[in-house]
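The structure under discussion appears below in the form of structure tokens.
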Amino acid sequence: MKAPEELRYKSLSLVYLQIFTVEGFDQQRLDNRYFKSIPNSIDRQIFDLASLPRNPVERYRFTPFHFSLRLDSSREGEARTGQRQEPALVEGTMFVEMSVFFARTVSITYRAVIDGTRCTCSRLLGTDDLIALASLRVGAEHWNRKREEGTEARTPSNINLKVNDISVELFHLDEEGNVLLSSRAVPEEGCFEEIQRRYKRFVLNSQRPVEAPVPAWRRWVKGARRLFPARRRPVEAPREEEWRDMNYVHVDIWEDVSHERDIFRFMDSPGIIAHILAEHRRELVGLMSFYPYEWPYRSPEAFKEVCGEDVAIDTDDLVLLNQYICVVFGTYGLRGAGAPTDWKEQLAEARESYHVSWPEYLLILEMVLAKRYTLDTVAGEYLRGTLAISTLGRAREQIERNARQVLKVNHTLLQLDAVRYSRFISHKIMFERTARALELEEEQRRLEEMMEKVDKSLCSISETRKLRQSTLLNIVLGSVSAASLLGILLQNVKVPFMVAVGWGEFADHAGITIVLMTLLILIGSATGIIAYRLHGRRGRGA
């Protein structure tokens with residue numbers, strides 16, 4: 001079988017997105033030794049902010065750190081291509097930025113710009129190398145077994161592809177997310193996941209309520225702390241759900257993408273995109289399914305399901321995305337000299353300031369992902385609040401809380417709907433196409449169905465509570481009736497009706513007579529009900 005032709009990547013950007021929620025984000029609480037607020041002009045260029053009370057996006061830049069890793073795809077790729085390549089050493093600066101949407105949804109982006117300056121690579125990257133880079137946090141599938149050195153023994157099979165020899169330097173956060181004056185090493189095992197965890201803890205620790213100070217008069221009174229302990233606001237420990245973030249990868253491939261046969265230099269930019277779509281479908285399916293080394297055996301018929309449709313508007317752009325990765329081929333830098341826009345200058349400015357070629361689309365993608373994450377977290381909060389009901393008396397309280405939460409979530413979703421205040425129609429179209437590819441309408445429909453089921457369950461719990469209350473009320477009424485009967489029994493009463501009908505001898509014992517008649521009626525009624533139910537059960541059993 002002839003070895004398939006591959007794409008080669010010289011320059012590109014990788015953006016790893018980590019999205020989570022912080023209620024009521026306050027910039028004043030952040031430790032400004034490690035970050036600074038950045039005025040991002042792209043927001044005011046593409047959004048009409050005059051109708052909004054505040055900037056919808058607040059941006060911050062953290063101190064970058066240095067990383068290096070080795071991509072060794074030579075062993076697996078040699079069997080397919082017949083050529084052995086040296087491992088690719090990627091090293092440079094990882095930029096870290098944070099966007100906060102409407103003081104609630106946080107998106108931390110880790111940006112590696114492989115351009116020969118900010119990040120260097122020892123050789124051109126192939127698709128297998130790109131999959132390994134993109135899967136630092138999401139995870140790629142690759143079955144492998146390694147032979148132990150000096151023996152014939154093999155280790156058990158492992159399905160998870162791991163990038164070897166990743167190391168981090170100049171990193172200034174400890175395990176709890178506290179800022180360090182001097183850098184500290186990060187363990188290689190699960191390194192990138194640990195980095196994300198520390199950044200999130202840095203943000204969450206600053207936003208949690210602090211303990212209230214002990215009033216001065218309590219310290220003055222002898223033994224006040226022991227006799228009247230100060231009531232402090234509890235500092236909640238991180239819940240398990242807090243670490244279940246949304247992780248996403250944005251891959252921005254630049255216009256210097258090449259081909260093994262070097263045919264792209266004879267094509268214009270729309271021709272390059274058309275060739276990639278027609279001849280490299282298997283390769284794209286492997287890239288967007290995180291399945292390296294065996295992408296030549298992927299089915300091209302799965303392209304639409306795995307990669308989706310091209311959401312770009314221009315013919316010289318290719319934007320493919322699914323639930324886990326977005327790949328952008330931007331060849332507009334190859335447009336001819338007659339173009340009214342100097343694209344080389346525009347791209348250089350965008351990559352210098354925003355680390356990607358198309359910053360407005362990255363912002364659109366972030367807002368769509370924030371909207372999707374909001375839908376997911378609301379579903380979890382709904383179920384968690386319902387399952388936390390320990391008594392029937394809290395059911396109505398939970399229904400009211402859910403109703404208020406629905407209003408708050410709908411307000412947040414309306415805010416994250418960038419179509420409402422985007423300046424340009426092209427951005428509105430891109431937002432709608434991206435939202436359709438990420439199935440936002442389907443997620444919203446599922447959320448509404450789940451909320452309806454939860455509300456029905458809560459209403460059922462509330463009705464059960466009412467039944468129990470009515471049962472309790474019947475018991476109370478029965479007790480009152482019994483007390484009344486005892487009162488009649490203990491009183492010396494005469495009933496004029498009995499004297500009139502000739503039962504004078506029973507008139508002096510009317511209380512006893514009434515009690516006995518009442519008991520006979522109750523016993524007869526209870527016996528009839530029990531007999532009726534037993535007869536019904538025998539009939540159903542037959």
Side-chain angles (χ1 to χ4, degrees), residues 13 15 17 19 25 27 37-61 97-107 109 111 248 250 252 255 269 308-321 326 328-333 335 339-375 410-438 440-441 444:
S13 301
V15 182
L17 293 95
I19 301 174
F25 180 85
Q27 172 187 345
S37 178
I38 53 176
N40 205 327
S41 60
I42 194 69
D43 299 330
R44 298 195 175 274
Q45 291 179 20
I46 68 177
F47 289 144
D48 183 12
L49 303 179
S51 59
L52 294 173
R54 58 180 299 179
N55 191 346
V57 186
E58 298 177 0
R59 298 188 180 277
Y60 310 92
R61 180 170 294 168
E97 294 190 2
M98 180 173 67
S99 301
V100 183
F101 300 96
F102 298 99
R104 186 181 190 276
T105 305
V106 178
S107 173
T109 56
R111 310 181 182 201
Y248 202 85
H250 178 273
D252 183 20
E255 66 277 357
S269 51
E309 297 181 353
D310 181 12
V311 302
I313 299 175
D314 300 330
T315 58
D316 55 354
D317 299 332
L318 177 61
V319 181
L320 303 173
L321 71 152
C326 173
V328 177
F329 288 84
T331 62
Y332 33 78
R335 290 177 181 176
T341 303
D342 187 347
W343 282 105
K344 290 185 178 180
E345 180 181 354
Q346 292 291 327
L347 290 176
E349 179 182 350
R351 291 163 183 168
E352 180 65 30
S353 302
Y354 309 105
H355 310 126
V356 291
S357 304
W358 199 353
E360 57 267 31
Y361 182 69
L362 178 59
L363 176 58
I364 290 173
L365 178 65
E366 278 189 288
M367 299 195 79
V368 175
L369 291 174
K371 193 171 182 179
R372 180 182 173 87
Y373 181 76
T374 300
L375 293 172
N410 287 334
H411 179 64
T412 303
L413 293 177
L414 286 175
Q415 288 179 323
L416 290 172
D417 193 357
V419 176
R420 297 171 55 244
Y421 42 83
S422 294
R423 288 183 183 272
F424 307 106
I425 301 299
S426 60
H427 293 162
K428 296 177 185 289
I429 296 173
M430 291 293 294
F431 184 93
E432 291 172 350
R433 288 185 173 186
T434 303
R436 193 179 308 119
L438 292 178
L440 248 65
E441 291 186 0
Q444 193 158 359

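Nothing here was measured: the structure is a model prediction, and the numbers come from that model.
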> Which atoms form the tightest heavy-atom contact between M430 and T434, and what is the distance?
Replying inline: O-OG1, 2.7 Å
> By side chain to side chain contact (heavy atoms under 4.5 Å, CB included), which residues pair with S426, not counting sequence neighbours?
Replying inline: I313, F424
> Which atom names give the shortest non-hydrogen contact between L320 and G308, and what distance separates them?
Replying inline: CD2-O, 4.0 Å
>> Measuring from atom CZ of F25 to atom OH of Y60, what distance do you get when rounded to the nearest 0.5 angstrom?
In response: 4.5 Å
> Can you list the residues that meet the salt bridge (Lys or Arg N to Asp or Glu O under 4.0 Å) rule with R351, with sequence neighbours excluded?
Replying inline: E255
> Which of these passes side-chain hydrogen bond (donor to acceptor under 3.5 Å, both in side chains) with R59: S99, S107, S37?
Replying inline: S99
>> Using every non-hydrogen atom in the two residues, find where V368 and F431 come nearest and quote the distance to one decimal.
In response: CG2-CE1, 3.5 Å
>> Determine whether L438 and Y248 satisfy the following criterion, side chain to side chain contact (heavy atoms under 4.5 Å, CB included), listing intermediate values before the conclusion.
In response: CA-CA 12 Å; L438 292 178; Y248 202 85; 4.1 Å; yes
>> Can you tell me how far apart CD (E366) and OH (Y373) are? Round to the nearest 0.5 Å.
In response: 14.5 Å
> Do any N or O atoms from the side chain of D314 and from the backbone of D316 form a donor-acceptor pair under 3.5 angstrom?
Replying inline: no
> Any side-chain heavy-atom pair from H355 and T109 closer than 4.5 angstrom?
Replying inline: no
>> With side chain to side chain contact (heavy atoms under 4.5 Å, CB included) as the criterion, how do Y361 and V311 come out once you've worked through the C-alpha distance, each side chain's angles and the decisive distance to 0.1 Å?
In response: CA-CA 11 Å; Y361 182 69; V311 302; 4.0 Å; yes
> Can you name the side chain to side chain contact (heavy atoms under 4.5 Å, CB included) partners of A437, sequence neighbours left out?
Replying inline: L321
> Sub-3.5 Å donor-acceptor pair from the side chain of R433 to the main-chain atoms of A312, do we have one?
Replying inline: yes
> Any donor and acceptor pair, going by atom type alone, linking the side chain of D252 with main-chain N or O of S13 inside 3.5 Å?
Replying inline: no
> When you measure from the side chain of R335 to the backbone N and O of P340, does any donor-acceptor pair fall under 3.5 Å?
Replying inline: no
>> Please evaluate residues R372 and I19 with respect to the criterion side chain to side chain contact (heavy atoms under 4.5 Å, CB included), reporting the C-alpha separation (whole Å), side-chain torsions for both, the decisive distance (0.1 Å), and the verdict.
In response: CA-CA 10 Å; R372 180 182 173 87; I19 301 174; over 6 Å; no
> What closest approach, in Å, do G333 and W343 show between heavy atoms, and which atom pair accounts for it?
Replying inline: CA-CB, 4.3 Å
> Between L362 and V15, which heavy-atom pair has the shortest distance, and what is it?
Replying inline: CD1-CG1, 4.5 Å
> Could you walk me through whether W358 and E360 pass the side chain to side chain donor-acceptor pair (under 3.5 Å) check?
Replying inline: CA-CA 6 Å; W358 199 353; E360 57 267 31; 3.1 Å; yes
> Residues two or more places apart in sequence or in another chain: which of them pass side chain to side chain contact (heavy atoms under 4.5 Å, CB included) with Q444?
Replying inline: L375, L413, E448
>> Could you work out, with salt bridge (Lys or Arg N to Asp or Glu O under 4.0 Å) as the rule, every residue matching D342, not counting sequence neighbours?
In response: none
>> side chain to side chain contact (heavy atoms under 4.5 Å, CB included) for D310 and V319? Distances and angles first, verdict last.
In response: CA-CA 5 Å; D310 181 12; V319 181; 4.2 Å; yes
>> Could you walk me through whether S357 and Y332 satisfy the side chain to side chain donor-acceptor pair (under 3.5 Å) test, starting with their C-alpha distance in whole Å, then the side-chain angles of each, then the deciding distance to 0.1 Å, before giving a yes or no?
In response: CA-CA 10 Å; S357 304; Y332 33 78; 4.5 Å; no
> Mind checking what makes salt bridge (Lys or Arg N to Asp or Glu O under 4.0 Å) contact with R61, not counting sequence neighbours?
Replying inline: E97
